[in-house]
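Everything below concerns the one structure shown next.
In what follows, chains carry the letters A, B, and so on, assigned in the order in which the sequence lines appear, proteins first and then strands, with residues in each chain numbered from 1.
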Protein chains: 2
Amino acid sequence: MNILEKIANELDTFSKSERKVAEVILSSPSTVIHASIAALAKQANISEPTVNRFCRRLDTKGYPDFKLHLAQSLANGTPYVNRHVDENDSAEEYTSKIFESTMANLELARKSLDTSTINRSVDLLTQANKISFFGLGASAVVAHDAQNKFFRFNVPVVYFDDILMQRMSAINSRQGDVVVVISHTGRTKSLVDVASLARENDATVIGITTAGTPLAKECNIVLSVDVAEDTDLYMPMASRIAQLTLIDCLATGFTLRRGTKFRDNLKKVKDSLRSSRFERKD
Amino acid sequence: MNILEKIANELDTFSKSERKVAEVILSSPSTVIHASIAALAKQANISEPTVNRFCRRLDTKGYPDFKLHLAQSLANGTPYVNRHVDENDSAEEYTSKIFESTMANLELARKSLDTSTINRSVDLLTQANKISFFGLGASAVVAHDAQNKFFRFNVPVVYFDDILMQRMSAINSRQGDVVVVISHTGRTKSLVDVASLARENDATVIGITTAGTPLAKECNIVLSVDVAEDTDLYMPMASRIAQLTLIDCLATGFTLRRGTKFRDNLKKVKDSLRSSRFERKD
DNA sequence: CTCTTTAATGTAGTAAAATTACATAAAATC
DNA sequence: GATTTTATGTAATTTTACTACATTAAAGAG
């Protein structure tokens, strides 16, 4: 609970002197956070230890700690939460809600991610002869993005959002190839099949999906991304953003593993685009 | 401005020792607010007065005052800041940094977005006879995602990441069509051409790009998304996430504008996928 | 009402934390 | 390579917070 509210609540459990301090604090908390214990004691016409005792009574370590709590109360923190868009929301409102829930979900996803698994995946990706990214629907977008990133690394990389191409590609895979299968639900039959086909052909299968799903069971490694389901809008939103950010992590891990020289190469790739662009005038 | 963001922003104006303090603070701000100046100095391997000077440089009265500001920043929503990935980062570290900068950039993007422009764009999209999404490279991914979303709305929607198809499609557009052109830099020549062609053919052109760029000048409406440039890694990361979230907003605005009955339809679309999936057992 | 007990508050001293002044080292400039 | 400027550290000082103890006020028992 907010410490200011707490003071207001417990006002009648305080002793006479403590109440004096409370009054001063409640009347201008923003002044108090910049005052020393002596200044506050003087303003409330009580002694310094009384202020100190007052702070302890409120479950803080002492006066400085109390001021910290007070400062936080004043900043009226609204942490990002998953607020659902409402029927009558204005553009302002639904924009805020969407951005905030996206952030809240990224936070969630980050906490659920296992970095050692990311590390192992990066290992496999750097050693791969060929990398394939498969997804359907919203996850196709993620696969598409992954291709765009890994393509820059000058490694053989393909992406398919077509079931038949995915199957053919999976059947043609071999030891040393890495197949990344992306599906939030982890229940899309054809993708589960593709994962299983790829494994039968000795490819390493990395799944970007939810843990415990049929797809997860077919994979060598599962990168599970937990997000709150966006059930209200009937289309994938936060899940794919989390997946894309995970792709960023894999790509970044890849470049770090490859060392400095490799990154100079990336710069070249970027620079090669220059002639297709209008010059910057500033 | 939030003091954490400020530290992150001014990171390169700091001296060697000051940067050490900054790193420690950024990596776990919530610990710092409970630490004494001596403890912080020790952790950063520098002397106490250096910490003090660091605090003053950030326009605070001294260390205790600095902690107060820090506490407020932490309460104030995001402790997320844009930290660059470092050469020797572990998987744990770069994952955190990437997720956090993505969140920080989403926050930035949200602030820079003009909701009335979003509202106008939604107006145009709901009234459009046909919607086209064009992008190249990383922005092609965004266009791809947009198609995936708007397709569910049962409106004529196309997406191209092929210059020729984009041109042909632009030339065939007409009054009442909406063309959404996506480019973070806003300087990709062929996309600027496409925007211009579409306008010559009386289509309405919405640009998802940075304000003031050549592309922005060719558009009827510009949805500008400001993010800190991710110059260090030579590939687009945060910018496309912000663009995708903007697409979510447009799609959400679209469904809200269309009313309840329309959303029942969305549910049908989602349900139609069921037979392609394994049943959930729980 | 007075004595005893308990709780509340204050005083003075102590410890800890932050800051200052100065010295030294490192970097930048000539 | 010398000189100036800037950055950093050491040690002393000051400020701030806290502790132990003393005093006072309040509550309860006879």
_Once rounded to the nearest 0.5 Å, what's the spacing between atom CG of B:L250 and atom OG1 of A:T95?_
8.5 Å

_Distance (rounded to the nearest 0.5 Å) between A:T252 OG1 and B:K97 NZ_ = 11.0 Å

*Report yes if a side-chain nitrogen or oxygen of A:S15 is closer than 4.0 Å to either non-bridging phosphate oxygen (OP1 or OP2) of C:dT9; otherwise report no.*
yes

*asked:* Can you measure B:E48 atom CD to D:dT14 atom P for me and round it to whole angstrom units?
replied: 17 Å

*Taking only the side-chain nitrogens and oxygens of A:N52, find out if one of them lies under 4.0 Å from OP1 or OP2 of D:dC18.*
yes

*Within the pair A:R56 and D:dT19, is there a side-chain N or O less than 4.0 Å away from OP1 or OP2?*
yes

*Give the rounded distance in Å between these two atoms: NZ of A:K67 and C1' of D:dT15.*
12 Å

_Phosphate-side-chain proximity, B:K16 and C:dA27, N/O vs OP1/OP2 below 4.0 Å_ = yes

*May I ask you to verify if any side-chain N or O of B:T50 is less than 4.0 angstrom from the OP1 or OP2 atom of D:dG9?*
yes

*Could you check how far NZ of A:K42 sits from P of D:dA17, rounded to whole Å?*
15 Å

*Please state whether the phosphate of C:dT9, meaning OP1 or OP2, lies under 4.0 angstrom from any side-chain nitrogen or oxygen of A:S47.*
no

*Are A:R110 and B:T102 close enough that some pair of their side-chain heavy atoms sits under 4.5 Å apart?*
no

_Counting only side-chain nitrogens and oxygens, does A:S17 get under 4.0 Å of the OP1 or OP2 atom of C:dT9?_
yes

*asked:* Whole angstroms only, please: what is the CG-C1' distance between A:D65 and C:dA16?
replied: 16 Å

*Specify whether B:F66 and B:Y63 have parallel, tilted or perpendicular ring planes, treating 30° as the upper limit for parallel and 60° as the lower limit for perpendicular.*
parallel

*Using whole Å, report how far OH of A:Y63 lies from P of C:dA17.*
17 Å

_B:I37, nearest nucleotide to its side chain (from D:dT16, C:dA18, D:dG9)_ = C:dA18

*To the nearest 0.5 Å, how far apart are CG in B:L246 and CG in B:L113?*
5.5 Å

_Between D:dA25 (P) and A:I46 (CD1): distance, integer Å_ = 17 Å

*Starting from P on C:dA7, measure out to CD on A:E18 and report it in whole angstrom.*
14 Å

*Integer-rounded Å distance: C:dA17 C1' and A:K61 NZ*: 14 Å

*Output the single nucleotide from D:dC18, C:dG10, C:dT19 whose closest atom is nearest the side chain of A:R53.*
C:dG10

